[in-house]
Amino acid sequence: MLDLPDRYDPAATEAEIYARWLAHGCFTADAARSTRVGGAAEPFTIVMPPPNVTAILHVGHGLNNTVQDVLVRWARMRGSDALWVPGTDHAGIATQNVVEKLLAQEGRTRFDVGRAAFVQRTEQFVEQTGGVILQQLRAIGASADWTRTRYTLSPDLSRAVREAFVRLYERGLVYRGHRVIHWCPRCLTSLSDEEAEFTDEPGQLYQIAYPLSDEPARALVVATTRPETMLGDVALAVNPADARYRELVGRTVRLPIVGIDIPIIADEYADPAFGTGVVKITPAHDANDFEVGRRHHLPMPVVIDAQGAMAEEQEAAGRVPPDLHGVDRFAAREQIVERLRASGALVRVEQHPHAVRHCYRCDTVVEPRLSDQWFVKMAPLAEPALQAVRGGTVRILPERWEAVYVNWLENIRDWNISRQLWWGHRVPVWYCDDCDPPQQVIVSREDVTRCPYCDGPVRQDEDVLDTWFSSWLWPLSTLGWPDAEARDLAAFYPTDVLVTAPEILFFWVSRMIMAGYAFMGRAPYHTVYLHGTARDTQHRKMSKSLGNGIDPLDVVRLYGADALRWTLVAGMGLGTDVILDPADLEKSFAPGRNFVTKLWNIGRFLLSNLGDAPVQPLATVEPALLSRADAWILERLRLAVAECDAALGPLRPTAAAAPPDLHAWRPDERVAGMRLNEYAETARRFVWNELADWYLETTKGRLAGTNAADREAARAVLVHVFDGALRLLHPVVPFITEALWQRLPIAGRAPDSFLIRAPWPAPGVPAHGPREAEEFDIVRAAVLAIRQIRGDYNLPPGRTIDVVIVSPDG
RNA sequence: GGGCGAAUAGCUCAGUUGGUCAGAGCGCCCGCCUUACACGCGGGAUGUCGGGGGUUCGAGUCCCUCUUCGCCCACCA
């Protein structure tokens, strides 16, 4: 009867079981079951953070998706109508960069190819290589509903993007602005504040003398870290309260090298305490200077072009010396410093570490650049998102991130959403140049071909939207928004838990919450679970460039998906990083593999000792027939279930919270649960240290014995507790548990039943003699004491001894 | 410049509201191929819970401070 090989074979088992789950639609949610549309099951929904469409699975994805899969499987077993929506992100700037690199290998740029052909080529590239990661996720056991796979650049989701843009425009929350934004001279696009990341770098602070126009012997000294921008200076600013310079305000200085006169102005922006208290104003190349320039109605000459080279653009005629034309900004810095030094205008150079912004995609130093961009006005959107977390409608775990979230939203700035890229959603704006006034702006949900005012030709805005402008709609758009009739939207929105890394709290998490309120009036989820980062033993983030990554598929091949999942879940406290050794996979993943093997061997013991006869449900066994060991292990199971439930916490906020928000978390539940590692450890302890180490041993004699009633009792209890253990463990190690559960000789089980769909065990009440359970603990204590003594006296295992137990009262 | 987190056995880490909380896994030592499992079984050693001070009957657990790492935010040119 024993069809179990000595060794568990993860590769064969996992593939076979995954295929059967798929074939039986085990991952497919049924909208009609949702209580929100009249069904009988509470929905439980997770939307997968969409990986970049060109991404390859790395251990970070493995970690992220394992957590989600554990939650979804758990919810499914708890009887929820569980939905895990998978999908990919077109990842505008990242994907475009990949394709541009391919073109570069052919010696071409996207401009050589042309926009239409470039987009087509990128589409092909995505079609051929994209979505690989979704296939890879199957290998780690992801039970996502693949029938609902989404893609941010698909027609449906593109429609959502347009709808969102137009609605916000209609509400006055999308606007076109002319200002200094972050510009990547390599990607040739603007970036949002979040996409321009600070890095601390050593730098120099250059002090330059600007002589007074009419009194060349006197000069004002200004400090700057970017001397090359001086070609675009339009003023010097001093603080109005600064007595040192008060009398100079209104006079002019001569701009070195350029030789033109610029005014000395008074503005609060100048900090008397910094440097000399005099700051040069370059409105076109510094966001702060831009504001000063606007306040004082100053010109805004552009002296650096899109590629980051010195050039005379708007209003800059005559400012850039001919031999600096086309010179890269950093080379130009050297040359300008040399010239200043030669002319005696360079007063001093000192070391000055400072933070420099870099493009988050290509790491190029970002250039502040004056340009026209589309923005979203964020403050009104932020307000409900702020209230959501403050009021407990949305909880962020670990809790400490809530403060970070609140702080960011309180100081939120408008979001630059236009990108000068080709890969992405085209800005749904058209211009008519023939109208009066010209450049009539037409914002539309549908493509526009003729001007609605003059019927003349129109041209569409050249820009595309920030990738995150589609991502922030993900919980809505994947469920069918803006289609008000969408069944999934009614059945599954709001979703439940969002699982991601803290790095994208601002990029994505908070914006989704804003979008949820802006377009649906409800937060998109009630829980944000922020997990840690996978790091190496030196605590460095695993990354491709460092070469310290671990390929999850290598781990699957070597030890199986369950071992991978076990290691990740068991090794990860709430919000803490997971440390793994890329140089020693055995060390990192052996515990998971060993545990899976242990489960396998417990299964082998059961199946080879139970016999062929079907095992009757425990409920049919006469309680009087249960032994002390039976009572004990049943009680331990009960406690294990209760502990696992406590570690995992409530699936969703308990209803009937205090007004005003009926969906808010109760204070006592707000930080409860989601301790996946505690849950995993509890289940492991039950199976290994209680079931295997003790109970199993007590059944050996009984199963082989001649007392039929006792044998039946042992069989029933054995199957019952192992069944319970498999259910408890299934979310973490789904393959091995399903493989064993399928083989359990449970009487009357339907042929196509699956553990993945089996109910989560209920803790229940101690129904089988708590007194007997306690008595077995005494037996255990005695055994432990005897073992200890044998050890102390170095008695060989084969040697039997007589034991006399004397009770305390004689 | 603000804010936050971490420092517990050789290693990776658990320790929710202060009172069996000094633990787990790996590693190490001793003994075992005991008919499910040597990817295992039984036994064992190891920490002044980063330093200092304080509150308390009692503190890894609360307060202050110092040190060392790490993260987030930030227009000081």
Side-chain angles (χ1 to χ4, degrees), chain A residues 2 4 6-8 180 193-194 198 205-207 222-226 229 236-237 269-271 273-282 286-292 352 354-355 357 368 398 400-401 403-405 407-408 411 502-503 505-506 532-533 535 537 539-541 559 563 567 570-581 584 586-609 646-647 649 668 671-673 675 677-678 681 684-685 688-689 692-693 696-697 700 704 783-784 786-792 794-798:
Chain A
L2 184 61
L4 292 186
D6 291 352
R7 282 277 162 120
Y8 175 58
V180 170
D193 293 344
E194 292 70 32
F198 279 110
L205 191 62
Y206 302 87
Q207 295 197 353
V222 304
T224 179
T225 54
R226 300 203 54 204
T229 64
L236 295 187
Y269 169 61
D271 177 1
F274 185 88
T276 57
V278 186
V279 59
K280 66 191 212 47
I281 302 300
T282 322
D286 183 285
N288 299 302
D289 292 9
F290 173 78
E291 295 302 327
V292 176
H352 182 75
H354 61 140
R357 286 188 186 261
R400 62 189 140 90
W401 286 103
V404 177
Y405 171 94
N407 182 55
W408 186 73
N411 299 294
E503 294 121 69
L505 183 60
F506 306 140
T533 309
R535 297 178 183 279
T537 50
H539 292 206
R540 295 176 310 177
K541 197 168 175 172
Y559 308 109
T567 302
M572 184 180 60
L574 180 61
T576 63
D577 292 339
V578 182
I579 311 296
L580 300 167
D581 189 349
D584 191 350
E586 170 78 17
K587 188 181 173 197
S588 297
F589 296 98
R593 178 207 53 196
N594 294 352
F595 179 51
V596 168
T597 303
K598 186 72 181 182
L599 278 173
W600 183 252
N601 284 312
I602 295 170
R604 290 208 311 142
F605 170 81
L606 250 75
L607 296 175
S608 58
N609 287 285
D668 61 312
V671 297
R675 270 67 176 180
N677 58 325
E678 291 178 27
E681 169 53 25
R684 188 205 67 82
R685 189 204 65 213
W688 200 319
N689 301 124
D693 287 351
L696 233 52
E697 296 300 330
K700 285 181 176 173
V783 170
L784 288 169
I786 293 165
R787 282 179 186 165
Q788 209 170 339
I789 291 166
R790 292 185 63 111
D792 289 348
N794 248 323
L795 296 177

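Below, chain A is the first sequence line, B the second, and so on; all start at residue 1. These numbers were taken from a predicted model, which means no experiment stands behind them.
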*asked:* Has A/D577 got a side-chain atom pairing as donor or acceptor with A/G532's backbone, closer than 3.5 angstrom?
replied: no

*Is the distance from OP1 or OP2 of B/G40 to the nearest side-chain N or O of A/N594 less than 4.0 Å?*
yes

*For atom P, what is the distance between B/G44 and B/G50, given to the nearest Å?*
27 Å

*Tell me: CG of A/D577 to P of B/A7, nearest whole Å?*
12 Å

*asked:* Output the rounded distance in Å from CG (A/D6) to P (B/C39).
replied: 13 Å

*Can you tell me the Watson-Crick or wobble partner of B/U67, both distances under 3.5 angstrom?*
B/A7

*Taking atom P in both B/G15 and B/A7, what distance in whole Å separates the two?*
10 Å

_Nucleotide opposite B/U46 in a Watson-Crick or G-U pair, distances under 3.5 Å_ = none

*Can you check the A/F198 CZ to B/G1 P distance for me, whole Å?*
16 Å

*asked:* Strictly below 4.0 Å: does A/W401 bring a side-chain N or O up to OP1 or OP2 of B/C73?
replied: no

*Looking across every strand, which nucleic acid part, if any, lies under 4.0 Å from A/F506 by heavy atom: base, sugar-phosphate, or nothing?*
sugar-phosphate

*Provide the closest heavy-atom pair for A/F506 versus A/Y405 in the form atom of the first, atom of the second, distance.*
CE2-CA, 4.4 Å

*Which of these nucleotides, B/A77, B/G5, B/G40, is closest to any side-chain atom of A/R400?*
B/G5

*Take atom C1' in B/G40 and the same atom in B/U34, then report the distance between them in whole Å.*
11 Å

_Pairwise P distance for B/U8 and B/A77, with rounding to whole Å_ = 37 Å

_B/C76 phosphate, OP1 or OP2, under 4.0 Å from A/H352 side-chain N/O_ = no

*Have a look at A/L784 and say if it touches a base, only the backbone sugar-phosphate, or nothing, with a 4.0 Å heavy-atom cut-off.*
sugar-phosphate

*Nucleotide B/A36, atom P - distance to CG of A/L696 in whole Å*: 9 Å

*Determine the Euclidean distance between corresponding P atoms of B/G42 and B/G25; express it in Å to zero decimal places.*
11 Å

*asked:* Counting the atoms with a prime plus P, OP1 and OP2 as sugar-phosphate, which does A/E503 contact under 4.0 Å by heavy atoms, base, sugar-phosphate, or nothing?
replied: nothing

*Mind checking A/A692 for me? I need base, sugar-phosphate or nothing, with any heavy atom below 4.0 Å counting as a touch.*
base

*Side-chain heavy atoms of A/N594 within contact of A/F589, under 4.5 Å*: no

*Sort out the partner of B/C13 for me: Watson-Crick or G-U wobble, both distances under 3.5 Å, none otherwise.*
B/G23

_Inter-nucleotide P distance (B/C66, B/G1), Å rounded_ = 14 Å

*Answer with base, sugar-phosphate or nothing: what part of the nucleic acid does A/K280 contact at a heavy-atom distance below 4.0 Å?*
nothing

*Between A/I579 (CD1) and B/A6 (P), how many Å, whole number?*
15 Å

*Closest to side chain of A/T597, choosing from B/C39, B/A36, B/C41*: B/C39

_Using Watson-Crick or G-U wobble geometry with both distances under 3.5 Å, which nucleotide pairs with B/A59?_
none

_Nucleotide of B/A77, B/A36, B/G25 approaching A/E697 most closely (side-chain heavy atoms)_ = B/A36

*Candidates B/G25, B/C72, B/A36 - which lies nearest the side chain of A/N609*: B/A36

_Side chain of A/H354 (C-beta onward), nearest among B/C37, B/A77, B/C75_ = B/A77

*What closest approach, in Å, do A/T282 and A/T229 show between heavy atoms, and which atom pair accounts for it?*
CG2-O, 3.2 Å

*Return the value, rounded to whole Å, for the distance between atom CG of A/L599 and atom C1' of B/A36.*
12 Å

*Report yes if a donor N or O on one partner sits less than 3.5 Å from an acceptor N or O on the other, where the partners are the side chain of A/R593 and the base of B/C39; otherwise report no.*
yes

*asked:* Expressed as a whole number of angstroms, how long is the span from A/F595:CZ to B/C26:P?
replied: 12 Å

*asked:* Using a 4.0 Å heavy-atom cut-off, does A/V279 contact any base of the nucleic acid, only the sugar-phosphate backbone, or nothing at all?
replied: base

*Does B/G60 sit syn or anti, given that only angles within 90° of 0 count as syn?*
syn

*asked:* Any strand counts, and the cut-off is 3.5 Å on both contacts for Watson-Crick or G-U wobble. Which nucleotide pairs with B/C33?
replied: none

_C1' spacing across the pair B/G70 / B/C33, given as an integer number of angstrom_ = 47 Å

_Using a 4.0 Å heavy-atom cut-off, does A/G277 contact any base of the nucleic acid, only the sugar-phosphate backbone, or nothing at all?_
base

*Quick one: the side chain of A/Q207 and the base of B/A77, do they pair up donor-acceptor inside 3.5 Å?*
no

*Out of curiosity, A/Y206 OH to A/H352 NE2, how far, rounded to the nearest 0.5 Å?*
11.5 Å

_Taking the basic N atoms (NZ, or NE/NH1/NH2) and the acidic carboxylate oxygens, is any pair closer than 4.0 Å for A/D289 and A/K280?_
no

*asked:* How many whole angstroms separate atom CD of A/E194 from atom C1' of B/A74?
replied: 13 Å

_Ion pair check, A/E503 and A/K541, cut-off under 4.0 Å_ = yes

_Would you measure the distance from the P atom in B/C41 across to the matching atom in B/C4 and give it in whole Å?_
46 Å

*Check if the side chain of A/K598 and the base of B/C37 share a donor-acceptor pair of N or O atoms closer than 3.5 Å.*
yes

*asked:* Both distances below 3.5 Å, Watson-Crick or wobble geometry, any strand: find the nucleotide opposite B/A77.
replied: none

